[in-house]
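Working notes for the structure below.
Quantities reported herein were computed from a predicted structural model and do not represent experimental measurements.
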Amino acid sequence: MFESEKIKQLNELEMIVYNYLIANLEEVSRMTIRQLSDACHVSTTTILRCCNKLGLQGFSELKFAIKNYQTQAKQQMFEQFYDATVQVDSFLKKVNNESYRIVLEQAVQMIVEARHVAFSGIGTSGVLGLYGSRYFINLGLNAYSITDPFAPVPSRGLESTLAIILSVSGETSEMIEKTEAFKRYGAKVLSITNDETSTIARLADYNLSYYMPETRGKEESLNLTTQVPVVTLLEMLAQKASQEMERAH
């Protein structure tokens, strides 16, 4: 619904408003600014700042934008059952721009310089780590995956290792400990998270974020945020690193 570059400008409180907005479009379209303020437990000033950073003049324009989006969504069947489509589409368009390739360059260089690439994540991120390591291997890159969050990180031989940490929130305690351990024992860390201000993103030597609307399951602990951007990034990184290494030889 909004450009990812604008979403990146939101602070923690404003992200609360944004996440509530994305998850409750129909409800917000009928709310007053005071009702939204109470629902998000933030001030009306925070809501207005959020609107401004999203490129809107105020709360009234936000409600108009929501209604306009809902009208367009009714005309597009796919968007009716998958709210993340707009953000995914925006992300896929962005990664094909020359400006985003510059963002990827440092991550690609980290992969090229590493002798080993170790993927690590929990839950869905762990599954994506397995996929990432297999994809890297298929392209001739030396990679493996650590899916057990309690498996200790080797204390020796990591000087030429790049750890790719996958975490949607960037705040999972087990993955924070894994990230710290990798760094402590000499590995470089590349993180792929949904938020560049998260703990893991700040601990990493380099971070790539994708800024998708957070989606939860019936149980709050279940994170259903789309991982299409993560798959895209893993495949792009592997392809570009493989091409770079072939050119070097």
[X] and [Y]: which non-hydrogen atoms are nearest, and at how many Å?
X      : Y      : result
Leu56  : Ala65  : CD2-CB, 4.4 Å
Gly170 : Thr193 : CA-CG2, 4.3 Å
Met212 : Asn194 : N-OD1, 2.7 Å
Ile7   : Phe2   : CD1-O, 3.7 Å
Gly126 : Ser145 : O-OG, 4.4 Å
Ile137 : Ala143 : CD1-O, 3.3 Å

Please determine whether side-chain contact (heavy atoms from CB on, under 4.5 Å) holds for the pair Thr232 and Met236, giving the CA-CA distance in whole Å, both sets of side-chain angles, and the decisive distance to 0.1 Å. CA-CA 6 Å; Thr232 302; Met236 288 186 71; 4.0 Å; yes
Return yes if some donor-acceptor pair links the side-chain N/O of [X] with the main-chain N/O of [Y] below 3.5 Å, else return no.
X      : Y      : result
Asn11  : Glu14  : yes
Ser29  : Lys67  : no
Asp195 : Thr197 : yes
Glu244 : Lys240 : no

Path from [X] to [Y] over hydrophobic side-chain contacts below 4.5 Å:
X      : Y      : answer
Ile122 : Leu128 : no
Val108 : Val189 : no
Ile33  : Val28  : yes
Leu25  : Phe64  : no
Met175 : Val230 : no

Note to self: Does Leu10 form a side-chain contact (heavy atoms from CB on, under 4.5 Å) with Leu54? I'd like the steps, not just the answer.
What the structure shows: CA-CA 8 Å; Leu10 303 179; Leu54 292 174; 4.3 Å; yes
[X] side chain to [Y] side chain, donor-acceptor N/O pair below 3.5 angstrom:
X      : Y      : answer
Tyr135 : Gln239 : yes
Thr199 : Glu171 : yes
Glu159 : Tyr185 : no
Tyr131 : Glu235 : yes
Arg134 : Asn138 : yes

Considering only heavy atoms from C-beta outward, does the side chain of [X] approach that of [Y] to under 4.5 Å?
X      : Y      : value
Leu36  : Phe59  : yes
Phe136 : Ile111 : yes
Ile192 : Phe119 : no
Phe91  : Val95  : yes
Gln227 : Val168 : yes
Ile47  : Ser37  : yes
Ser191 : Leu208 : no
Asp205 : Leu190 : no

Go through the steps for Tyr20 and Ile16 under the test side-chain contact (heavy atoms from CB on, under 4.5 Å), then give the verdict.
CA-CA 6 Å; Tyr20 186 90; Ile16 292 174; 5.6 Å; no
Pair [X] + [Y], salt bridge at N-O below 4.0 Å:
X      : Y      : answer
Glu180 : Lys183 : no
Lys94  : Glu5   : yes
Lys178 : Glu174 : no

query = With Tyr211, which of Lys6, Lys8, Glu3, Glu196 fulfils side-chain hydrogen bond (donor to acceptor under 3.5 Å, both in side chains)?
reply =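 One option only clears the test, and that one is Glu196.
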- Item | Arg34, CZ: over 12 other non-hydrogen atoms inside 6.0 angstrom | no
Just verifying a value: how many Å separate [X] [atom1] and [Y] [atom2], rounded to the nearest 0.5 Å?
X      : Y      : atom1 : atom2 : value
His41  : Thr46  : NE2   : OG1   : 13.5 Å
Leu48  : Leu62  : CG    : CG    : 10.0 Å
Lys93  : Asn97  : NZ    : CG    : 10.5 Å
Met110 : Glu113 : CE    : CD    : 8.5 Å
Cys40  : Met15  : SG    : CE    : 12.0 Å
Lys63  : Asn68  : NZ    : CG    : 15.0 Å

Worked verdict on Thr147 versus Leu130 for side-chain contact (heavy atoms from CB on, under 4.5 Å):
CA-CA 8 Å; Thr147 56; Leu130 283 169; 3.7 Å; yes
Please identify which of these residues, Leu158, Thr161, Leu162, meets the side chain to side chain contact (heavy atoms under 4.5 Å, CB included) condition with His116.
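For His116, the side chain to side chain contact (heavy atoms under 4.5 Å, CB included) check succeeds only for Thr161.
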